[in-house]
Amino acid sequence: GDDTCEYLLSSGRFLGEKVWQPHTCMMHKYKNSEAKNCLLDKHIAFIGDSRIRQLFYSFVKLINPQVKEEGNKHGNILFEDKSASIKVDFLWYPEVNGSMKQCIKSWAEGSIAKPHVIVAGAATWSIKIHNGSNEALMQYKINITSIAPLLEKLAKSSDVYWVLQDPVYEDMLSDSRKMITNEKIDAYNEAAVSILNSSSRNSKAKVKVFSVSKLIAQETIMQSSDGLHLPESSRETSAMILMNVYCNKILKPIDGSCCQPQPPLTLIQKLAFCFFALSIIGYLILSFIYRNNHRKNKPFTDMESGEEKKPVTNTSPVSTLETLLHSFCKLGLIMAYFYLCDRANLFMKENKFYTHSSFFIPIIYILVLGVFYTENTKETKMLNREQTDEWKGWMQLVILIYHISGASTFLPVYMHVRVLVAAYLFQTGYGHFSYFWLKGDFGLYRVCQVLFRLNFLVVVLCIVMDRPYQFYYFVPLVTVWFMIIYATLAVWPQIVQKKANGNCFWHFGLLLKLISLLMCIYFLANSQGVFEKIFSLWPLSTCFELNGNVYEWWFRWKLDRYVVFHGMLFASIYLALQKRQVLSEGKGDHLFSNKISNVLLFISVVCFLTYSIWASSCKNKTECNELHPSVSVVQILAFVLIRNIPGYARSVYSSFFAWFGRISLELFICQYHIWLAADTKGILVLIPGNPTLNIIVSTFIFVCVAHEISQITNDLAQMVVPKDNATLLRRLLCIVGFFSGLLFLSAI
């Protein structure tokens, strides 16, 4: 809950060699366009010596990278970006003396316009000119004492920063600079810190002491060319910190939590918190009443006959209501934890930093655990339930490690994880097609059950965390594809296995349906304008827009546009072969004859490795993403065949992975706010200073919460979605009214 700006300006550490991690918060890396947008019509002034000049140039390069460090080194330098009306000035005042005071006084007391940001600092020239004498230090204290009230006055209307002096690398200093020692620099810094803000300690308007550059310099000064001036990477870090301090509260970047105030509660969030609070109170009252009744209704002994009798009571309605309130009670406490983790400033957040070891070591660890928990399957059919749960589980664990380690920056890992996401969608096509084909159940109950289980958690999070539906992109993706599969098979003529068995003509009809679906996908994939028009229509736009447009939805849909179709096609072929008893699915039996099985296994392994080699040799993410929709199915099918052709492999599964697979959707969604932070851009820090212990504790809580939410969703699905059609229609009308109310409140 502390002011993260103070930590940003004063403390932090390096992740690796170049990535600076402020204490408690995340730092955004500003692009030129963002910097211009933030500093529009602003005037920034840098006042000081050559070190401040270096900082000035690094800051200017954030606005315009083409700027070169040229001009009079011991004179004023002016920069202006006319397109954004930005002025950045460097004023050469190498000593804290009367000249610097006069410049500052002209802003504080004069009629000229004050800069919006003032960055000042100087000391090394005073040490050098006066040969490090104590008299010079005393004069420095006197001069900064006279300047301090003026800076504090400016701080009431402008952002004023005093840059403390960075350490030097004494072994590299030239003879003319040997008197500039770290001991002297520390003395000058102590003087500046003790004097600045001494008259306004209780005031909000203060001169901000920029001391973090000292920490940066301590790590990098040995790379200096002369022992005095910092290397370029260090100056860039200091300039980026300045940009974060000033711009984060203006632009509010998701991955820039430093200096951002806690977002105010929306009306919908307040109503949600009231609802959960009432649920908790209602559950406690109901539990109290229920327990009292239970006590009264205990068996009693008839004094005349001596027999034990039980009072006749009907507790089922109370039990159902109690279960409902109990679910909302637990959900309310969980949502409070979500909010505290990722919306309040209660816990720390840190930037991700990728290293190969941070990704591959956990992968090896979970692989060993998964193999250790190997059990026999209940059935030995291809892609049986235990096997698909296992598949979802290990893929989800890999994706979680990929996210927390920041492995998206490493292209080969990114491309393989893209296949894992595609494999989820492949299972969506395979699973839903198989159900509709075998069961022929196109009823409203089935549709509502699936939609509720997929969307319940996301809808609650959209309300509590104030996020758009499209933000949790995977759920809209699987929801839309489920509806597409349903529409494809449910539309006249409804073709199911029972009907197709009687007449082979229906298989041709199914093929026509699948070809029509493929043509529609191809058309939409090559007609971005049509796609965007469809999903920009109200009320679809309220679900699929992100940042005012549907481009993100278009990108996500297009990236895996064919894989659901591939899943449906594979399911239809597999079920047809199974019906004709072409496959041997007994325990320990190869799926085909030995010769065919060996050939298919060899081809599958070659295809699997070929895709991996191609993905590992990718040089450009955009080009590889273009090919991904067409080729991802190669590795998916190769894995399915490798996993299912050998009889032994098909007969066993990892119960460890399968357990995670059963809560994979909840794990994927919950990670956004209670494992990662800042909407997946950073890492949640519950235990500062101990990354390993922090990961253990936060992961344990995260997995427990995901498991609990899965149970809550299942319990509520049974109560909210009844099997009786008349009751279900009434519930649907209530849900439509609920979402209409949400739209109305969000409009307000």
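- No more than 12 heavy atoms of other residues, nucleotides or ligands lie within 6.0 Å of CZ in R385, so this atom counts as exposed by the packing criterion.
- Note: F426 and F570 have tilted aromatic rings, judged against thresholds of 30 and 60 degrees for the angle between ring planes.
- More than 12 heavy-atom neighbours from other residues, nucleotides or ligands sit within 6.0 angstrom of NZ on K621.
- Using bins of under 30°, 30° to 60° and over 60° for the plane-to-plane angle, the ring pair F531/W553 lands in the tilted bin.
- More than 12 heavy atoms of other residues, nucleotides or ligands shown are found within 6.0 angstrom of OH on Y337.
- Annotation for K499: atom NZ counts as buried by contact number, over 12 foreign heavy atoms lying within 6.0 Å.
- In F508, the CZ atom is not crowded: 12 or fewer heavy atoms of neighbouring residues, nucleotides or ligands sit closer than 6.0 Å.
- Under the 30°/60° scheme for interplanar angles, the aromatic rings of Y574 and Y430 are found to be tilted.
- In this structure, K681 places its NZ atom where only 12 or fewer heavy-atom neighbours from other residues, nucleotides or ligands lie under 6.0 Å away.
- More than 12 heavy-atom neighbours from other residues, nucleotides or ligands sit within 6.0 angstrom of CZ on F360.
- Counting only N and O atoms by type, the side chains of H628 and D560 include a donor and acceptor under 3.5 Å apart.
- By the salt bridge (Lys or Arg N to Asp or Glu O under 4.0 Å) test, R643 is found to be paired with E390, residues two or more places apart in sequence or in another chain being considered.
- Aromatic ring orientation, Y414 versus Y402: tilted (interplanar angle from 30° to 60°).
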Check your understanding: Under the side chain to side chain donor-acceptor pair (under 3.5 Å) criterion, do N714 and R453 qualify, and how do the steps go?
Key -> CA-CA 7 Å; N714 289 335; R453 291 173 188 273; 2.3 Å; yes
Exercise for review: Would you check, one step at a time, whether the test side chain to side chain donor-acceptor pair (under 3.5 Å) holds for Q578 with E585?
Suggested key: CA-CA 9 Å; Q578 186 187 59; E585 293 183 307; 3.1 Å; yes
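- Using bins of under 30°, 30° to 60° and over 60° for the plane-to-plane angle, the ring pair F276/F328 lands in the tilted bin.
- Classification of the H673-Y472 ring pair by plane angle, with boundaries at 30° and 60°, yields perpendicular.
- Judged by distance alone, the side chains of H403 and Q671 do bring a donor and an acceptor atom under 3.5 Å apart.
- Within a 6.0 Å sphere centred on OH of Y373, other residues, nucleotides and ligands contribute 12 heavy atoms or fewer.
- R446 has no carboxylate O lying under 4.0 Å from a charged side-chain N of D441, or vice versa, which leaves the two without a salt bridge.
- Using cut-offs of 30° and 60° on the angle between ring planes, the pair F702 and W675 is parallel.
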